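Below is one structure; the comments refer to it alone.
Owing to the predicted nature of the structure, the values given are computational and were not obtained by experimental measurement. Letters A, B, ... are given to chains in the order of the sequence lines, protein chains preceding strands, and every chain is numbered from 1.
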Amino acid sequence: MERLKIKSLLENSAGIQLGSEITVKGWVRAFRSNRFVQINDGSCLASLQAVVDFEKFDDALLKRITTAACVSLSGTLIASHGAGQAVELQVTSIELIGDAHPDDIQKTVMQPKRHSLEFLREQAHLRFRTNTFGAVFRIRHAVSFAIHKFFNDRGFFNLHTPIITGSDAEGAGEMFHVSTLDPKNPPLNEDGTINYKEDFFGKQVNLTVSGQLEAELAALALGQVYTFGPTFRAENSNTSRHLAEFWMIEPEVAFNDLQDNMDLTEAFLKYLCSYVMENCKEDLTFLSERDAQDQQQKPQQERAEMSLIERMKFVIENPFKRLTYTEAIEVLLNSNHYKKKKFNYPVEWGIDLQSEHERYLVEKEFKCPVILTDYPAKIKAFYMRMNDDGKTVAAMDVLFPGIGEIVGGSQREERYEMLHQKCVEFGIDPEELSWYMETRKFGTAPHAGFGLGFERMIMFVTGMTNIRDVIPFPRTPQNAAF
RNA sequence: UCCUCAGUAGCUCAGUUGGUUAGAGCAUCUGACUGUUAAUCAGAGGGUCACUGGUUCGAGUCCAGUCUGAGGAGCCA
């Protein structure tokens, strides 16, 4: 008998008639009354109810139908006698594919009860079996697919930028070194430093912190490209928003200025939310209810005003608030919050905005996604385009409620002399970046791009509040288990 | 890396001013029941109270250090 996916049975998308003989394979979620097997195959959130006439099966076999066991069930698809589901499987044959012993189950997250996310994280290899993580990772896939679809539909080319990189001048954080040298006995130079000329690549190399510079080169030939790959930061960050290994999307578009860049970002983020709303209804509804229950546990002041689904609708339906850094500083200085001295950090033009300032703007002042632009040149990266005022650069940060910075981008400095000058000012050797600088000599063009933290986006569309719960195998300081 | 809080059964937690044998719910096991929906009912087993040291007649409880986790901060996506 052909195996059918539970999703297709419950949605009736395969056109299976009641009375048909079918087979399903999956994992047991619950076995109630020695009669009802709740079986889930991961194709969707919901499980199929399979009804076993226990008098017709061997007791020893029924004993092995335990939570988490893997079974193949064959029988007749019938209209359900019970109230909780439309159809159920009247079982005529049971094959036990993989046992799960109760003694072992007891120690894992698969025991049939609620668990804390912290406990589930300790068994990241098993948490896929839970409703919450099943929903999160199905949605993660959907967003990943939607990203490729969005760009493909607009004529972008997906670019695979290197994971091992020789450039150490990007200034995007601490890097992981990659080497095949013996750490106990490396070849040394005369001055005692390590001689990387004998290393695999003949020079010191690292894991990439960004594919942007490489993407710029491609954009100045292919027109519009995007990267979607792993990114590594060796920062000792212990927060719910940082990973040492994460995935980033970096579009780069020739002839775009900062306004175009903002328009693209806003359309992109709205598209991703819409895609999840339309294609992940069941999982999203489950997570929204889960989020609502979590909110009720919190003190009233800390509760989100909107549900997960409402928050996504809000992002889709409302324009993002756009203002310059300079305007944002004025808003902060004029706020009652500032006048009552509730900020812990000072507010003045030239400072880098603190989390508390960003949160105030997004969550208190505007209550919607905010795009801040035109930051002081000193606090942003060397490659961002200098504005005519000589003080600010064409940078933009997109801030989301509850998440903080979800996108960082800019119009790039396309003028060779200006870029060279910025390199010097930032203490970067232009020679090191000659491969990057050269594009500005051969038909340079205005261009712009941004980076979206994939996991931060997944946090927003799933309502999960710790980034370690939206990536299958999180890598954080002191943790690379699994 | 810094600040705050926490660590008691497989899990989530309670445990009074330091005082006899450390409790509950869920989970597991045994039995009963059988159209259940986190099934229900009865019973049972299950503990190095994170670790190390200290104070005390006596420490889950007080003190110090260490480890682990969470929340916040910095860095950023």
Side-chain angles (χ1 to χ4, degrees), chain A residues 29-38 46-55 63 66-68 78 80-85 88 90 100-123 131 170-174 209-212 229-250 265 297-298 302 344-345 352-359 379-381 397-400 403-409 450-460 465-471 476-479 481:
Chain A
R29 286 292 178 81
F31 187 26
R32 287 187 294 271
S33 297
N34 208 24
R35 185 188 286 271
F36 302 101
V37 183
Q38 212 70 36
S47 300
L48 179 70
Q49 172 155 291
V51 186
V52 174
D53 187 344
F54 53 85
E55 288 171 348
K63 274 270 181 203
T66 55
T67 299
I78 60 172
S80 178
H81 299 181
Q85 55 285 315
E88 62 192 23
Q90 187 70 52
H101 296 286
D103 287 351
D104 298 331
I105 289 296
Q106 263 259 297
K107 291 171 185 159
T108 73
V109 301
M110 288 187 287
Q111 50 182 284
K113 69 180 294 290
R114 272 184 174 279
H115 298 292
S116 65
L117 293 171
E118 290 80 17
F119 184 55
L120 290 162
R121 218 172 284 147
E122 287 169 14
Q123 297 177 32
N131 284 335
E170 290 159 36
E174 292 295 313
V209 292
S210 165
Q212 179 202 316
T231 310
F232 307 87
R233 303 277 166 90
E235 302 284 350
N236 190 11
S237 294
N238 293 288
T239 78
S240 52
R241 311 183 298 287
H242 290 88
L243 292 165
E245 175 183 292
F246 63 99
W247 291 69
M248 189 154 64
I249 297 95
E250 295 179 291
T265 307
Q297 305 287 320
K298 292 185 188 171
E302 292 171 26
N344 292 320
Y345 290 85
D352 209 350
L353 293 177
Q354 304 292 319
S355 282
E356 61 172 355
H357 303 140
E358 294 180 349
R359 290 185 72 152
I379 61 172
K380 287 292 180 184
D397 280 359
V398 181
L399 310 177
F400 260 35
I403 313 273
E405 186 180 343
I406 195 166
V407 164
F450 63 84
L452 168 70
F454 182 56
E455 282 78 16
R456 289 193 182 170
M457 188 68 198
I458 305 301
M459 287 172 78
F460 182 74
T465 53
N466 192 315
I467 201 164
R468 297 160 203 204
D469 296 330
V470 297
I471 188 166
T476 53
Q478 300 300 314
N479 178 29

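- With Glu88(A) contributing its side chain and Ser80(A) its backbone, the two residues share no donor-acceptor pair below 3.5 Å.
- A residue-by-residue look at Arg359(A) and Gln478(A) shows that Gln478(A) has its nearest nucleotide of RNA chain B further toward the 5' end.
- Phosphate contact (OP1/OP2 of C2(B), side-chain N/O of Asn238(A), threshold under 4.0 Å): absent.
- Straight-line distance between the P atoms of C26(B) and A44(B): roughly 15 Å, to the nearest whole Å.
- Across all strands shown, Ser237(A) has heavy atoms under 4.0 Å from base atoms, whether or not it also approaches the sugar-phosphate.
- With sequence neighbours excluded, the residues satisfying side-chain contact (heavy atoms from CB on, under 4.5 Å) with Pro112(A) are Thr67(A).
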Does the pair Arg29(A) and Asn131(A) meet the rule for a side-chain hydrogen bond (donor to acceptor under 3.5 Å, both in side chains), with working shown? CA-CA 10 Å; Arg29(A) 286 292 178 81; Asn131(A) 284 335; 2.7 Å; yes

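- In this structure, NZ of Lys107(A) is placed 14 Å from C1' of C11(B), rounded to the nearest angstrom.
- When heavy atoms are screened at a 4.0 angstrom cut-off, Phe246(A) is found touching base atoms of the nucleic acid.
- For Ser355(A), a side-chain nitrogen or oxygen approaches OP1 or OP2 of G74(B) to under 4.0 Å.
- Met457(A) is listed as a side-chain neighbour of Ile406(A), based on a closest heavy-atom distance under 4.5 Å.
- Of all the heavy atoms in Met110(A) and Ala68(A), the pair that sits closest is SD-CB, 3.9 Å.
- The closest donor-acceptor contact from the side chain of His115(A) to the backbone of Val109(A) lies under 3.5 Å.
- Comparing G45(B) with A9(B), their C1' atoms sit 11 Å apart, to the nearest whole Å.
- Between G7(B) and C49(B), the two C1' atoms lie 10 Å apart (nearest whole Å).
- Taking the P atoms as reference points, U55(B) lies 16 Å from C63(B), given to the whole Å.
- Scored by the salt bridge (charged side-chain N to carboxylate O under 4.0 Å, His left out) test, Arg359(A) finds Glu363(A) as partners (sequence neighbours excluded).
- Using a 4.0 Å heavy-atom cutoff across all strands shown, Thr239(A) reaches at least one base atom of the nucleic acid.
- The nearest whole Å value for the distance from the CZ atom in Arg241(A) to the P atom in G72(B) is 7 Å.
- Residue contacts shown for Val109(A) are absent, as no nucleic acid heavy atom lies under 4.0 Å away.
- Between the CZ atom of Arg456(A) and the P atom of C75(B) there is a distance of 12 Å, given to the nearest Å.
- At least one side-chain nitrogen or oxygen of Ser240(A) sits closer than 4.0 Å to the OP1 or OP2 atom of G72(B).
- Between Phe246(A) and Arg233(A), some side-chain heavy-atom pair lies under the 4.5 Å cut-off.
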Base-pair map of RNA chain B as dot-bracket, where | denotes pairing with a different strand and pairs are Watson-Crick or G-U under 3.5 Å: (((((((..((((.....[...)))).(((((.......))))).....(((((..]....))))))))))))....

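- Rounded to an integer number of Å, the gap from CZ of Phe119(A) to C1' of U12(B) is 10 Å.
- Nucleotides G53(B) and G46(B) are separated by 30 Å at their C1' atoms, to the nearest Å.
- Contacts of Arg468(A) classified as salt bridge (charged side-chain N to carboxylate O under 4.0 Å, His left out), with partners at least two apart in sequence or in another chain: none.
- As rounded to whole Å, 12 Å separates atom P of A77(B) from atom CD1 of Ile467(A).
- Rounded to whole Å, the P atom of G10(B) lies 16 Å from the corresponding atom of C29(B).
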Give the C-alpha distance, both sets of side-chain angles, the deciding distance and a yes or no for side-chain hydrogen bond (donor to acceptor under 3.5 Å, both in side chains) between Thr231(A) and Glu245(A). CA-CA 6 Å; Thr231(A) 310; Glu245(A) 175 183 292; over 6 Å; no

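- Comparing C3(B) with U61(B), their P atoms are spaced 24 Å from each other, to the whole Å.
- The side chain of Arg121(A) places an N or O atom within less than 4.0 Å of a non-bridging phosphate oxygen (OP1 or OP2) of A70(B).
- For Glu455(A), the salt bridge (charged side-chain N to carboxylate O under 4.0 Å, His left out) partners at least two apart in sequence or on another chain are Arg140(A).
- Atoms CG (Asn466(A)) and C1' (A70(B)) sit 9 Å apart, rounded to a whole Å.
- Nucleotides A39(B) and A77(B) are separated by 46 Å at their P atoms, to the nearest Å.
- When heavy atoms are screened at a 4.0 angstrom cut-off, Tyr345(A) is found touching the sugar-phosphate backbone but no base atom.
- Contact annotation for Arg468(A): backbone-only contact, meaning every heavy-atom pair under 4.0 Å involves sugar-phosphate atoms and none involves a base.
- In this model, a side-chain donor or acceptor of His242(A) finds a partner on the base of C76(B) within 3.5 Å.
- The pair Lys380(A)-Asp397(A) meets the salt-bridge criterion, since a charged nitrogen lies less than 4.0 angstrom from a carboxylate oxygen.
- Spacing between atom CD of Gln354(A) and atom P of C76(B) amounts to 11 Å, rounded to whole angstrom units.
- The nearest whole Å value for the distance from the CD atom in Glu235(A) to the C1' atom in A73(B) is 14 Å.
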So if I define the base as every atom that isn't primed, P, OP1 or OP2, how would nucleotides 26-39 of chain B read as a B/S/- string at a heavy-atom cutoff under 4.0 Å? BBSSS---BBBB-B

